[in-house]
Enquirer: 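Below: one structure in structure tokens.
Numbers here are sequence positions counted from 1.
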Amino acid sequence: MKTLTAAMTAALLVSGCSTLPSDTDPQVLRSFNADDPSAEVAGPTPGADPDILLRGFFRAAAFPAQQYQASRAYLTEDANQDWDPTATTLVVDRIDLNTQAGATEDERRIVIRGTQVGTLGNGGVYRPENSDLTAEIVMKRVGNEWRIDDLPDGVVLERTEMRNHYTPKNVYFFDPSGQVLVGDRRWIHNAVQSLDTTLMSLLVSGPSQYLAPGVVHQLPTGASFVGFSDGAYQFTGLSSMNEEERLSFATQVVWMLANAEIPGPYSIFADGAPLVADFPVLSIEDVGEFNPEAYTNAVSTLFSLRDGVVSRVSSGTVTPLTGFLGAGDIDSVAISTSANVAAAVRGDDSPRLSVGAPEGSFTDVLTADTITRPTFEHAANALWAVADGDTPVRVTRSSTTRELVQTEVEITLPEGVTGAISEFQLSRTGVRAAMIIEGRVYMGVVTRPSPGERGVTNIVEVAPVLRETALSLAWRQDGSLLVGTSMPELPIWRVEIDGSGASALPSGNISAPVVSVASSSSTIYATDAHALLQLPASDNTIWREVPGLLGVRSAAVVAY
């Protein structure tokens with residue numbers, strides 16, 4: 001049976017390199033204004049004191065339907081006319097209230113304070129922040145009831161309310177190679193009437209400003225989603241798209257809907273005809289090769305690094321590798337079993353980065369005063385490491401000479417951020433990069449200024465709660481980060497991919513510092529002050545030592 005994957009491969013062979021445009025400006029779309037008549041939000045409690053009424057107002061801010069009608073019930077007529085809730089949505093850890101001196105029977109001024117942890121922008125895009133929020137709100141008595149008479153524009157939303165009433169979904173875009181789907185996380189209100197059409201509109205609008213430098217958006221200017229009718233999702237303005245672009249867009253649509261738990265199969269039409277002529281109806285089986293969630297169930301191989309020796313760990317048996325990796329003096333290592341390649345840093349006095357087959361000979365490619373643990377791009381097409389704390393280096397094999405070539409990667413750190421990069425790891429897609437600088441965790445987007453060049457931009461701190469305690473990190477299969485710290489009470493954390501949350505994992509018998517972490521689809525590994533421990537993903541309570549490595553302080557290396 002003919003598959004869409006086969007058709008895409010044929011199209012790529014005919015067209016050579018990808019021709020998807022990468023300079024389309026993302027459009028702005030606000031997705032949270034869908035009316036939901038069935039949603040009933042309690043209004044102000046009769047006779048409520050000003051502070052109680054104000055807290056009710058902030059709870060109502062989690063319901064944006066009908067231009068925040070629920071919130072407007074707490075305002076005076078003048079404030080209702082002046083207030084613009086769409087200006088911005090600030091997410092705070094919690095809201096503290098303090099009444100200012102000089103209160104009267106008919107007017108009170110209340111200062112709200114909190115730590116702003118993020119903003120929820122157009123299209124449901126969450127951006128992490130870390131700043132103090134202070135604002136003043138004027139309360140007035142109207143008849144026998146208190147109402148808000150003056151307040152800043154925008155919405156202030158407690159993080160718990162955001163999580164209670166919004167759900168994250170992924171809109172997918174291809175990386176510049178056209179081979180990997182990358183999730184662009186969006187927070188969608190639970191009361192939205194048509195999740196599928198909301199997602200379609202977000203897809204047409206393009207990637208978020210944050211992710212845009214690392215992905216492509218192939219839709220032509222003027223393309224639009226016009227709704228679901230006659231059993232099909234209908235688009236217009238796609239007539240100029242070639243076969244390759246249509247096949248890619250169809251793949252984006254299918255996986256976006258499937259991973260939002262909207263059941264298929266799916267019929268997609270463009271300008272009155274099937275988007276892909278040979279596939280009027282599509283299912284995930286047609287585009288299985290591009291499953292962005294496949295990594296979550298991938299089979300992995302566990303290795304350990306102990307006393308400079310890399311060993312294979314299987315069923316309680318630890319077997320040192322032959323060749324370079326088993327000879328000792330290895331400081332850190334990354335292994336790709338699917339590509340049969342490994343990269344290692346060796347030597348404390350004069351660190352060298354070397355690459356080769358896991359049980360073969362290696363070639364030195366980089367020497368520096370310090371070199372971070374190596375990391376591979378998607379499918380191990382290239383190798384990265386940071387030299388001397390501030391210079392990311394990318395190593396590739398020349399297509400003409402077959403020699404290993406290294407190039408420096410331009411990295412743009414946030415203003416005021418200085419210090420050495422002690423950890424640097426690429427995500428599975430190769431489009432995101434996570435790093436630790438002076439004990440703080442940052443995430444950025446990998447760009448491609450030209451075919452042979454790379455950069456890292458839009459770097460933001462994603463876990464301010466960890467302060468300066470982060471020591472190790474690893475990408476989890478769901479796209480989140482696993483972070484080991486020096487915090488005695490809470491030594492290991494999970495950080496959301498968009499920085500919308502950081503939660504401590506059970507500490508159990510872990511003793512800080514956690515100097516190494518790793519993750520497979522079924523197990524989390526951590527090296528604490530005493531040994532290598534593991535925690536099954538299905539049992540988040542008890543950390544146990546790894547069979548074959550009991551009482552041994554080693555680092556886990558998970559390879560795919």
Enquirer: Can any side-chain N or O of E158 pair as donor or acceptor with the backbone N or O of I95 at less than 3.5 Å?
Expert: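 At least one qualifying donor-acceptor pair exists.
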Enquirer: Would you name the heavy atoms of I459 and I411 that are closest together and state the gap between them?
Expert: CD1-CG1, 3.6 Å
Enquirer: Are any side-chain N or O atoms of S516 and backbone N or O atoms of S472, one a donor and one an acceptor, separated by less than 3.5 Å?
Expert: no
Enquirer: Please report the C-alpha distance between Q406 and E408 in whole Å, then the side-chain angles of each, then the deciding distance to 0.1 Å, and finally whether the side chain to side chain contact (heavy atoms under 4.5 Å, CB included) criterion is met.
Expert: CA-CA 7 Å; Q406 58 173 283; E408 291 188 5; over 6 Å; no
Enquirer: Using modelled atom types and a 3.5 Å cut-off, is there a donor and acceptor pairing between side-chain atoms of D388 and backbone atoms of D390?
Expert: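 Such a contact is absent between D388 side chain and D390 backbone.
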Enquirer: I want to check something: taking the side chain as every heavy atom from C-beta on, are F249 and L203 in contact at a cut-off of under 4.5 Å?
Expert: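 Yes, close enough: below the 4.5 Å cut-off.
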Enquirer: Identify the two heavy atoms, one from L413 and one from I437, that lie closest to each other, and give their separation to 0.1 Å.
Expert: CD2-CD1, 3.6 Å
Enquirer: Would you say that more than 12 heavy atoms from the other residues, nucleotides or ligands in this model lie under 6.0 Å from the CD of E438, or not?
Expert: yes
Enquirer: Where do A344 and P374 come nearest, in terms of heavy atoms and distance?
Expert: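 Smallest interatomic distance, heavy atoms only, reads N-CG, 4.2 Å.
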Enquirer: Kindly say whether A470 contributes a backbone atom to a donor-acceptor pair with the side chain of W493 at under 3.5 angstrom?
Expert: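 It does not hold such a pair.
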Enquirer: Over 60° means perpendicular and under 30° means parallel, so classify the ring planes of F173 and H217, tilted if in between.
Expert: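 Rings of H217 and F173: perpendicular, as their planes differ by over 60°.
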Enquirer: Taking all heavy atoms of V460 and all of P128, pick out the closest pair and write down the distance.
Expert: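 That closest heavy-atom pairing would be CG2-CG, 4.0 Å.
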Enquirer: I'd like to check T89 versus Y126 (side-chain heavy atoms, cut-off strictly below 4.5 Å). Are they in contact?
Expert: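 T89 vs Y126: side chains apart.
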Enquirer: So, S398 and E403: side-chain donor and acceptor under 3.5 Å apart, yes or no?
Expert: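 No, E403 and S398 have no side-chain donor paired with an acceptor closer than 3.5 Å.
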Enquirer: V462 and V495: which non-hydrogen atoms are nearest, and at how many Å?
Expert: O-CG1, 3.7 Å
Enquirer: Looking at D175 and R432, is any side-chain nitrogen of the basic one under 4.0 Å from a carboxylate oxygen of the acidic one?
Expert: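 Not counted as a salt bridge, because no side-chain N and carboxylate O are separated by less than 4.0 Å.
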Enquirer: Working to the nearest 0.5 angstrom, can you tell me the gap between I510 CD1 and L490 CG?
Expert: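 Here the interatomic distance stands at 11.0 Å.
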Enquirer: Check whether any side-chain heavy atom of V409 sits under 4.5 Å from a side-chain heavy atom of F424, and report yes or no.
Expert: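 Answer no - side chains too far apart.
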Enquirer: Can you tell me how far the CG atom of D498 sits from the CH2 atom of W187, to the nearest 0.5 Å?
Expert: 6.5 Å
Enquirer: Please report the shortest heavy-atom distance between T370 and G389, naming the atom on each side.
Expert: OG1-N, 3.5 Å
Enquirer: Just so I know, are the side chains of V456 and Y442 near enough to count as touching, which here means a heavy-atom distance under 4.5 Å?
Expert: no
Enquirer: Verify, without hydrogens or angle tests, whether R397 (side chain) and R402 (backbone) share a donor-acceptor contact under 3.5 angstrom.
Expert: yes
Enquirer: Just checking, is any N or O donor in the side chain of T167 or N190 under 3.5 Å from an acceptor N or O on the other one?
Expert: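 The criterion, which ignores hydrogens and geometry beyond distance, is satisfied for N190 and T167.
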Enquirer: Does atom CD (E410) have a neighbourhood of more than 12 heavy atoms from anything else shown, all under 6.0 Å?
Expert: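 Counting other residues, nucleotides and ligands, CD of E410 stays at 12 neighbours or fewer.
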Enquirer: We want to know whether S131 and E129 form a side-chain donor-acceptor pair, criterion being a heavy-atom distance below 3.5 angstrom.
Expert: no
Enquirer: Could you measure the distance from the CG atom of L505 to the CG atom of L535? Nearest 0.5 Å is fine.
Expert: 6.5 Å
Enquirer: Does the side chain of R428 come within less than 4.5 Å of Y560's, by heavy atoms?
Expert: no
Enquirer: Given T115 and D132, is the side chain to side chain contact (heavy atoms under 4.5 Å, CB included) satisfied, shown in steps?
Expert: CA-CA 5 Å; T115 299; D132 294 330; 4.2 Å; yes
Enquirer: How about R306: does its CZ atom have over 12 heavy atoms from other parts shown lying under 6.0 Å from it?
Expert: no
Enquirer: Checking W543 against D528: is there a side-chain donor and acceptor pair closer than 3.5 Å?
Expert: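 No, no side-chain donor-acceptor contact under 3.5 Å.
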Enquirer: Are the charged groups of E423 and R373 less than 4.0 angstrom apart, N to O?
Expert: yes
Enquirer: Does some side-chain heavy atom of V355 sit less than 4.5 Å from a side-chain heavy atom of L404?
Expert: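 Yes. Closest side-chain heavy atoms under 4.5 Å.
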Enquirer: Mark yes or no for whether H189, through its side chain, and Y166, through its backbone, hold a donor-acceptor pair below 3.5 Å.
Expert: no
Enquirer: Just jot down the side-chain hydrogen bond (donor to acceptor under 3.5 Å, both in side chains) partners of R186, sequence neighbours excluded, or say none.
Expert: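 For R186 the side-chain hydrogen bond (donor to acceptor under 3.5 Å, both in side chains) partners, ignoring immediate neighbours, are D184.
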Enquirer: Under the criterion side-chain hydrogen bond (donor to acceptor under 3.5 Å, both in side chains), which of S519, S521, S522 is the partner of Q477?
Expert: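 That would be S519; it is the only one of S519, S521, S522 passing the side-chain hydrogen bond (donor to acceptor under 3.5 Å, both in side chains) with Q477.
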Enquirer: State whether the side chain of T523 and the backbone N or O of S520 hold a donor-acceptor pair below 3.5 Å, judged by distance alone.
Expert: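 Side chain of T523 to backbone of S520, a donor-acceptor pair under 3.5 Å: no, none is there.
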Enquirer: Apply side chain to side chain contact (heavy atoms under 4.5 Å, CB included) to V441 and L481, showing your working.
Expert: CA-CA 10 Å; V441 181; L481 281 177; 4.0 Å; yes
Enquirer: Side-chain contact test, heavy atoms from C-beta onward, threshold under 4.5 Å: evaluate it for V465 versus D93 and give yes or no.
Expert: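 The answer is no, as the side chains (C-beta and beyond) never meet within the 4.5 Å cut-off.
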Enquirer: Rounded to the nearest 0.5 Å, what separates atom CD1 in I262 from atom CE in M256?
Expert: 7.0 Å
Enquirer: Pairing donors with acceptors under 3.5 angstrom, does anything connect the side chains of Y172 and N259?
Expert: yes
Enquirer: Side-chain contact test, heavy atoms from C-beta onward, threshold under 4.5 Å: evaluate it for I330 versus L305 and give yes or no.
Expert: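 A side-chain contact exists here, since the closest heavy-atom pair is under 4.5 Å.
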Enquirer: Could you point out which residue of D331, D329, D364 forms a salt bridge (charged side-chain N to carboxylate O under 4.0 Å, His left out) with R346?
Expert: D364
Enquirer: Are any side-chain N or O atoms of R544 and backbone N or O atoms of P536, one a donor and one an acceptor, separated by less than 3.5 Å?
Expert: no
Enquirer: Give a yes or no answer on whether the side chain of T527 reaches the backbone of V515 with a donor-acceptor pair at less than 3.5 Å.
Expert: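 Between the backbone of V515 and the side chain of T527 there is no qualifying donor-acceptor contact (under 3.5 Å).
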Enquirer: With a 6.0 Å cut-off (strictly less than), is the heavy-atom count around CZ of R94, excluding the residue itself, greater than 12?
Expert: no
Enquirer: How long is the straight-line distance from CD of Q179 back to NE2 of H378, given to the nearest 0.5 Å?
Expert: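 Answer for the NE2-CD pair, H378 versus Q179, is 7.5 Å.
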Enquirer: How long is the gap from CG on N170 to CD1 on I497, to the nearest 0.5 Å?
Expert: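 Here the rounded value is 7.5 Å.
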Enquirer: Does any N or O in the side chain of E377 come within less than 3.5 Å of the main-chain N or O of L426, such that one atom is a donor and the other an acceptor?
Expert: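 A pair under 3.5 Å: no.
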